[in-house]
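Only this structure's heavy atoms are used, side chains among them; waters, hydrogens and symmetry mates stay out. Every chain is numbered from 1 and lettered A, B, ... according to where its sequence line falls, protein lines coming before strand lines.
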There are 2 protein chains.
Amino acid sequence: MTLRKVPVRVDLVIFAIRDGELQVLLWQRREAPLKGAWTLPGGFVEQGEPADEAARRILKEKTGFEEQAYVEQLFTFCDPKMDPRGDLVSIAYYAVVSASGESWDGTFHAARKAPKLVFHHGQVLDRGIDRLRTKTEYSTVPLRFLDDEFTLSEVQGVYEVLLDRQLDKRNFRRKILALEAVEETDDERRVGAHRPARLYRLSASRPYLLKEKGILFPF
Amino acid sequence: MTLRKVPVRVDLVIFAIRDGELQVLLWQRREAPLKGAWTLPGGFVEQGEPADEAARRILKEKTGFEEQAYVEQLFTFCDPKMDPRGDLVSIAYYAVVSASGESWDGTFHAARKAPKLVFHHGQVLDRGIDRLRTKTEYSTVPLRFLDDEFTLSEVQGVYEVLLDRQLDKRNFRRKILALEAVEETDDERRVGAHRPARLYRLSASRPYLLKEKGILFPF
DNA sequence: CCAAAAGTGTTGGCGTTACACCCATGG
DNA sequence: CCATGGGTGTAACGCCAACACTTTTGG
C-alpha cells in the first residue's frame, strides 16, 4: 500500500446581502477545460500554509476583505472520483462579508438561484446555505453582513433576508438587545427626512453563541 | 510555487456510553517516537478511497461496528506545524456506537477526563464532545448509543448522561414520543422482578433533525 | 405641516415544567 | 406479599407572539 499524497484546495462560499437578497460570489472559467462553467472561488493551499490562512488569503484576493469578514470551515470533500482533473482534497469554507466592498473578482448571484456549479461545488453551496441558516438561529454570525456601525433596522433587515420572512419590530429589538450581542454607540445616522437612527456595533464581549442566553428564533 | 501534496489521515472520536458515563476509545503508542503517548484511533486514507469510507473502515477495524454506527465528519486540521512527523491533512470524524460490542482495539476513557493527547488530538476530542452535546439538543444522534431495540428508560438514561442532569420521566416520554423519532415494537423486555418494559426502535421515517418538530431540549 | 422611518409596552395563549401514584412482575 | 422499575395526567407559570401609536427629522 503506497501512501496517497494529494494537493489540498480550499473552496469558498462567499456570502453577502445585496439588493435585499442573499447572494454568493461565483466565478466563470475563461479557459478549457469547462470553459464558461461556474465555480466557487478557490485555490491551492501553498507550501507551509495552514488551510485557514489559505482561506483568508483567497478571500482577500477575491474581495479585498480581511479581518472584518467572518470565515468558518464548512466541510471537507475527499473522494478520488470527485474532480476529473485529478485526485485532491477540497476543504470548503464559507465567508460572510458586508456588501460595502467594491472590487469583486467574480460576480454575485442569488444564493438560492445560482447556476449549476462544477464538480462538488453545488454541494458545497448547499451546505453553506444550510449552515448559514442554522447559525442564524443561535449565533451572531448574521451581524457580519453589516458594517462596523449599523442601525437596528438594518440588523432586522439581515435577519428577514436570511429567514425569508417579516419580523415584528418591537419583538426583534427587545430580543436582540436582551442578548447583549450589540451595544449602543454615541453616533446616530441621519438619512432623508426621518428621525435619526441610533447606531450600534458588535458588543465588546461579543457573544458568538446566543444559546446560553436563549435562542433568538423562532420568533 | 510548487504544488503541495500531502498524505491524508482520518482520526476518529469514537463515543460509547459505558458505566453510566460518556467514554471515548483511545490508543496508546507502543513504539517510539512518543512511546506511551495517548492518541485517537486513526489511519491513512488509501489510494482510491473516499475519506468517508476510510473513516468507516477504521471504525470497523477498531471496534467491529459497521452500518449500525453513526459517523459524521467533524473538522479538518491542515497546518504544516501540527504533526512533527511531517506535513499532512487530518480529517476528523466522530462516531457513536452502542456499548454492546466486545473486541475493542484500544481502551475506553471518560470523555471529559481523558489523558492528554498528542498533537491536535486534544482539540479533536473537544470538538467532538461539543458537537455531540449540540446534536443532543436537536437530533436523534443520541439514539445511536443504543441497540436496535431499547426501552424508553434507556433512552432517558442516554440523554441524562449526555446532558449531565436528571430528567423528569413523564415529560421526557411525552416529548420523545411526540417527536416521532422512535416507534413501538411488539416486544417487551423482562429483567428481574419488575413490570416488563415495552421495546422501541428508531422510526422507519427516522427524522434526523428534530427542529422542525420543535427542539427537544431545554426541558 | 406632511411624509417617512425610528422608537416604545402590554396582554393573551400556549408550551414547559413541576409533581405523585398505580401497575406488572419475579422471587 | 414485597421490592423494583414501568407506566400515566394535570395544573401553574413564564415566555413568546401579536398588536398601534408617538417621536423626530428634512423638505
Side-chain angles (χ1 to χ4, degrees), chain A residues 20 136-138 143 146-147 149-201 210-219, chain B residues 17 20 136-138 143 146-147 149-161 163-201 210-219:
Chain A
T136 300
E137 292 170 11
Y138 66 86
L143 298 176
L146 299 164
D147 293 320
E149 298 199 322
F150 44 80
T151 68
L152 291 189
S153 295
E154 288 172 330
V155 179
Q156 183 175 342
V158 168
Y159 276 91
E160 287 180 339
V161 168
L162 295 178
L163 295 168
D164 199 25
R165 66 194 161 94
Q166 300 297 108
L167 300 173
D168 179 84
K169 180 160 48 158
R170 281 167 294 187
N171 292 339
F172 181 82
R173 295 163 94 89
R174 187 185 317 119
K175 204 152 187 178
I176 198 86
L177 290 175
L179 294 169
E180 298 176 19
V182 299
E183 60 187 21
E184 275 192 24
T185 69
D186 296 329
D187 301 333
E188 42 186 41
R189 177 181 302 163
R190 319 167 95 86
V191 303
H194 317 302
R195 176 171 174 174
R198 166 114 286 129
L199 289 172
Y200 292 78
R201 58 170 163 254
L210 303 179
K211 268 192 208 167
E212 298 80 39
K213 296 173 176 286
I215 293 178
L216 187 54
F217 299 96
F219 245 32
Chain B
I17 289 179
T136 299
E137 292 169 12
Y138 66 87
L143 298 176
L146 299 164
D147 293 319
E149 299 200 319
F150 45 78
T151 68
L152 292 189
S153 295
E154 288 173 330
V155 179
Q156 184 175 339
V158 169
Y159 276 91
E160 287 180 336
V161 167
L163 296 167
D164 198 24
R165 65 191 162 98
Q166 300 297 108
L167 300 172
D168 179 86
K169 181 162 47 160
R170 280 167 294 188
N171 292 339
F172 181 82
R173 294 164 95 89
R174 187 185 316 120
K175 202 150 186 179
I176 198 86
L177 290 174
L179 294 168
E180 297 176 21
V182 298
E183 61 189 18
E184 274 193 21
T185 68
D186 296 329
D187 302 332
E188 40 188 39
R189 177 181 301 162
R190 317 167 99 85
V191 302
H194 318 303
R195 176 172 175 174
R198 168 115 283 131
L199 288 172
Y200 292 78
R201 59 171 163 255
L210 303 179
K211 268 193 209 166
E212 298 79 40
K213 295 173 176 283
I215 294 179
L216 185 55
F217 299 96
F219 245 31

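Looking at Q156(B), its side chain does come within 3.5 Å of a backbone N or O of L167(B) through a donor-acceptor pair.
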For nucleotides 2-5 of chain D, give me every protein contact, N/O to N/O, under 3.5 Å, one pair per line with atom names.
residue	atom	partner	partner atom	Å
dT4(D)	O2	A193(B)	O	3.0
dT4(D)	O2	H194(B)	ND1	2.9

Give every pair of a protein N or O atom and an N or O atom of nucleotides 9-11 of chain C that lie under 3.5 Å apart, one pair per line with the distance.
residue	atom	partner	partner atom	Å
dG9(C)	O6	R174(A)	NH2	3.0
dT10(C)	O4	R174(A)	NH2	3.2

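Remark: R170(B) engages no residue in a salt bridge (charged side-chain N to carboxylate O under 4.0 Å, His left out) (not counting sequence neighbours). By the salt bridge (charged side-chain N to carboxylate O under 4.0 Å, His left out) test, R190(A) pairs with E188(A), sequence neighbours left out. Applying the side-chain hydrogen bond (donor to acceptor under 3.5 Å, both in side chains) rule to D187(B) yields no partners; only residues at least two apart in sequence or on another chain are considered. Applying the side-chain hydrogen bond (donor to acceptor under 3.5 Å, both in side chains) criterion to R195(B), with sequence neighbours excluded, gives no partner residue. Qualifying side-chain hydrogen bond (donor to acceptor under 3.5 Å, both in side chains) partners for E183(A), counting only residues two or more places apart in sequence or in other chains: R201(A). Applying the side-chain hydrogen bond (donor to acceptor under 3.5 Å, both in side chains) rule to E149(A) yields no partners; only residues at least two apart in sequence or on another chain are considered. Residues forming a side chain to side chain contact (heavy atoms under 4.5 Å, CB included) with V158(A) (at least two apart in sequence, or on another chain): I17(A), P142(A), F145(A), L146(A), L162(A). With sequence neighbours excluded, no residue forms a salt bridge (charged side-chain N to carboxylate O under 4.0 Å, His left out) with E160(A). The salt bridge (charged side-chain N to carboxylate O under 4.0 Å, His left out) check on R189(B) picks up E154(B), with sequence neighbours excluded.
In the region residues 183-192 of chain B, proximity to DNA chain D at under 4.0 angstrom, judged on heavy atoms, holds for none of the residues.
For L177(A) and dG7(C), the CG to P distance is 10 Å, given to the nearest whole Å. Atom-to-atom, CG of L167(B) to C1' of dC19(C) comes out at 15 Å; the value is rounded to the nearest Å. Computed from coordinates, the R198(B) CZ to dC23(C) P distance equals 18 Å when rounded to whole Å.
The phosphate of dG7(D) (OP1 or OP2) has a side-chain N or O of R173(B) nearer than 4.0 angstrom.
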